[in-house]
Each structure stands twice: as structure tokens, then as C-alpha cells.
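Here's the structure we're looking at; comments come further down.
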Amino acid sequence: MIQEEIAKLKKEKDFVILAHYYVDGEVQAIADYVGDSFYLSKVAVDIPNKNILFAGVSFMGESAKLLNPGKKVYMADDTADCPMAHMVTEERIKEVREQYPDVSVVCYVNSTAEIKALSDVCVTSSNAIKVVKNLDAKNIFFIPDNNLGRYVAKKLPEKNFIFHDGFCHVHKSIERGPLEEAKKIYPDALVLAHPECTADVLELADFIGSTSQIIDYATESTHDKFIVCTEMGIFYELGVKNPQKKFYSVGHRQFCPNMKKITIEKVRDVLENPEKEVILRDEIMESAKKPLEKMLELAAK
Ligand code: 13P
Ligand code: SF4
């Protein structure tokens, strides 16, 4: 069985497997650690194994490498990349810094290492409010996700925000009209939404949080029906933790094609023949690690 092959290879070659909640359930099931972007960053710092295999998109593997540079990090599929990570340019950051010299650049982790290298601090969807609140700066340039930026800004009226126009196409495809329809079909279901969703969807949400926070909320809730506004991979863990509860999607477009490139066969192949290593230039390693470490520090306060 492929699961046994993977377990054997992992041991032989001293690998640990990290997976995001958006990859297929079959891959989550063989991972050593599964979580949201923040949890996976924290885990990466203390990994004792020689090698990390990342079942997620490029920016996640890069973050693991930045936070634990002594390890070799391999991607299950090195073409799995988040389009949002490329939605802000280095030029735009420089332009805003020139125009507003006291601005702090707050970078959603869904960004390339090159963009992180030009930022002051990183955030994930689970810690963005706390990190920006704890950040010693009033003027914020929030990149690249417009929806997350506006969500954070609403919670922190004491700060001034400049937004960028980045977005996640998966969360953007979850629209208010179909959500209203779903609410009519399941009137007693609570709506759980990821902050990458558009503001008109977030308005209808009973709970807004990262993937881990959504799972925790549903698990602790006394409700038993939920409409879930985020990528479908989350249904695996929601089901494992809550076999008696019902989870509904809004239509059929909640799939991240990049996360879905990761298959259990590719995980086995990389363990067998480790080839897709994350390599970052030294100067990027140095400067991109700082905003990630600052995130860990401010999120722990
Ligand atoms: P979290 O892992 O913070 O929930 O973010 C989801 C995401 O879009 C990762 O691509
Ligand atoms: Fe990027 Fe959206 Fe896919 Fe997350 S779900 S990896 S933000 S495209």
C-alpha cells in the first residue's frame, strides 16, 4: 500500500511531512502535521528531521525554508503556486515607501520570498489582526490581499491603511447570491467564512477565521449544520473531527487548482527521489526571514 511505502521512506530518509488543510484528504491523512499557514510556520521552526516535505503551495515551502534554513525543504509538486503570491510587484512597494516614508509594509504570507524581503512584517489569516495591532506603526500598506486587508482595517480603526488589489480567485468565486440561496436551503446552518472572501460574503458570516479557526469553531459549536466559505479541502478535517455534523459548500467552485496538484503519488515519488528542493538566494534568505520572525514575535504577545 502506498501509505506503508510512504511511512517506510519517511523513516529511512528522515523526512517529516507538513500539509495544508486545502490538499486532498488522502494527503492530509499521511502527513505528520496538518494545519493553517500560521500553524505550519510555527511547526517548521522546530522540526528536528533533516528533511521537510511540503504538501502545499510554493510560498509555504519557502516560509518553512526561511524559518528553518538548516533543513532541506522539498515540495510535493514544485509547480503548485498561489497566484496571489505574485499579485504585488517590488516596484509598487518601493513606490509606496517613497510616497509615504513612515509606512509599514504588512505582507500576507501568501507572497513570494522576494516580496517578503521588502516587507516589515508578515501576517497570516489567523494572526493578522493581532500582529497589525501589536505593530508599532500607524500607517500600513497591506499587501497583496485586498479582502483580508479590508477585514483587518475594519477591526483596527485606529490605524490608516493603504490597500493593494490582490485577491484569491478561489475565495472570490464564492459569491453572495449563491450564498444567500444556500442560506435559504439550510436556514438553520451557520455561515463560516475565510477572510479572503469578499466583504459582501463576510457580511453574511456568523464566524470569520483561518482554516484552523473555522475547524475549531465548528468543532466546539453546539450547532450541527454549517455553510463553509473556503476551499473544499477543509471538509476532510471538518468531517474527521465532526462526523455527526453537516457541512455544505456554496456551489462547486471552491477548489484551488494549485493545492489540488498535490497527490499522494507525488508525495511518494519525492520521498523516493528527492528533487524538488526549495532553494533561495542568500540575500533573500537573510531579508525575507526577518518579517516572518517578526510575525512570530508579535503574534506571541
Ligand atoms: P490559512 O492557512 O491562513 O487559513 O490561509 C488559507 C490560504 O489561502 C492558504 O492558501
Ligand atoms: Fe492561493 Fe487561494 Fe489557493 Fe490559497 S486557496 S493557495 S490563496 S489561490
Side-chain angles (χ1 to χ4, degrees), residues 18-24 27-28 31 33-44 54-64 67 75-88 106-112 115-116 122-132 142-149 151-152 164-175 192-198 201-202 205 207-218 228-238 249-250 252-262 292 295-296 299:
L18 309 190
H20 190 268
Y21 284 128
Y22 291 164
V23 299
D24 271 342
V27 177
Q28 292 184 46
Y33 298 94
V34 188
D36 68 0
S37 307
F38 184 39
Y39 172 79
L40 294 171
S41 305
K42 284 189 295 185
V43 162
F54 220 110
V57 289
S58 319
F59 75 82
M60 297 179 171
E62 288 180 355
S63 294
L67 288 165
M75 300 307 292
D77 182 323
D78 59 358
T79 70
D81 196 2
C82 170
M84 195 200 320
H86 304 273
M87 286 186 184
V88 65
V106 175
C107 174
Y108 188 28
V109 278
N110 296 36
S111 299
T112 62
I115 292 299
K116 289 187 175 89
C122 289
V123 295
T124 73
S125 65
S126 72
N127 65 30
I129 297 168
K130 189 171 183 191
V131 169
V132 178
F142 195 101
I143 53 169
D145 189 16
N146 189 281
N147 291 322
L148 179 65
Y151 170 68
V152 173
H164 190 62
D165 58 4
F167 61 91
C168 162
H169 68 100
V170 182
H171 288 87
K172 198 175 170 188
S173 77
I174 303 169
E175 291 171 352
L192 312 178
H194 194 280
E196 286 177 15
C197 290
T198 54
V201 164
L202 295 181
F207 178 76
I208 300 169
S210 75
T211 46
S212 295
Q213 290 168 334
I214 287 176
I215 293 165
D216 291 348
Y217 182 88
V228 183
C229 303
T230 191
E231 212 276 346
M232 296 290 285
I234 197 173
F235 283 73
Y236 173 73
E237 187 67 14
L238 284 169
S249 63
V250 184
H252 303 285
R253 292 198 292 162
Q254 296 171 222
F255 281 95
C256 175
N258 280 288
M259 289 286 189
K260 294 300 178 269
K261 283 181 180 172
I262 293 144
L292 275 174
M295 169 186 84
L296 296 178

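Read the numbers this way: they start at 1 and go in the same order the structure lists the ligands and their atoms. Residue indices begin at 1 and follow the sequence shown.
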(request) Output the list of atoms in ligand 2 that are nearer than 4.0 Å to some heavy atom of E196, sorted by atom number. (result) 2 (Fe), 7 (S)
(request) Report the part of M84 in contact with ligand 1, treating N, CA, C, O as backbone and CB onward as side chain, heavy atoms under 4.0 Å; options are side chain, backbone, both, neither. (result) neither
(message) Among all protein heavy atoms in this structure, tell me which lies nearest to atom 8 (O) of ligand 1, with the distance rounded to 0.1 Å.
(response) E196 OE2, 2.9 Å
(message) Pairs of nitrogen or oxygen atoms closer than 3.5 Å, one from H20 and one from ligand 1: do any exist?
(response) yes
(request) At a cut-off of 2.8 Å, list the protein N/O/S atoms near atom 1 (Fe) of ligand 2, residue plus atom name. (result) C82 SG
(request) Compute the shortest N/O to N/O distance between S126 and ligand 1 and return yes if it is under 3.5 Å, no if not. (result) no
(message) Under 3.5 Å between any N/O of T124 and any N/O of ligand 1: does that happen in this structure?
(response) no
(request) Quick one: look at Y22 and ligand 1, take heavy-atom pairs under 4.0 Å, and tell me if it's side chain, backbone, both or neither. (result) side chain
(request) Quick one: look up the protein heavy atom nearest atom 4 (Fe) of ligand 2 and list residue, atom name and how far away it is. (result) Y22 CE1, 3.9 Å
(request) Could you see which bit of N110 sits under 4.0 Å from ligand 1, with heavy atoms only: side chain, backbone, both or neither? (result) side chain
(request) Say whether S212, considering both its backbone and side-chain N or O atoms, lies within less than 3.5 Å of an N or O atom on ligand 1. (result) no
(request) Tell me which protein heavy atom sits closest to atom 3 (O) of ligand 1, plus the residue, atom name and distance to 0.1 Å. (result) S125 OG, 2.6 Å
(request) Output yes when the distance from some N or O of ligand 1 to some N or O of H194 is under 3.5 Å, and no in every other case. (result) yes
(message) Checking T230 against H171: is there a side-chain donor and acceptor pair closer than 3.5 Å?
(response) yes
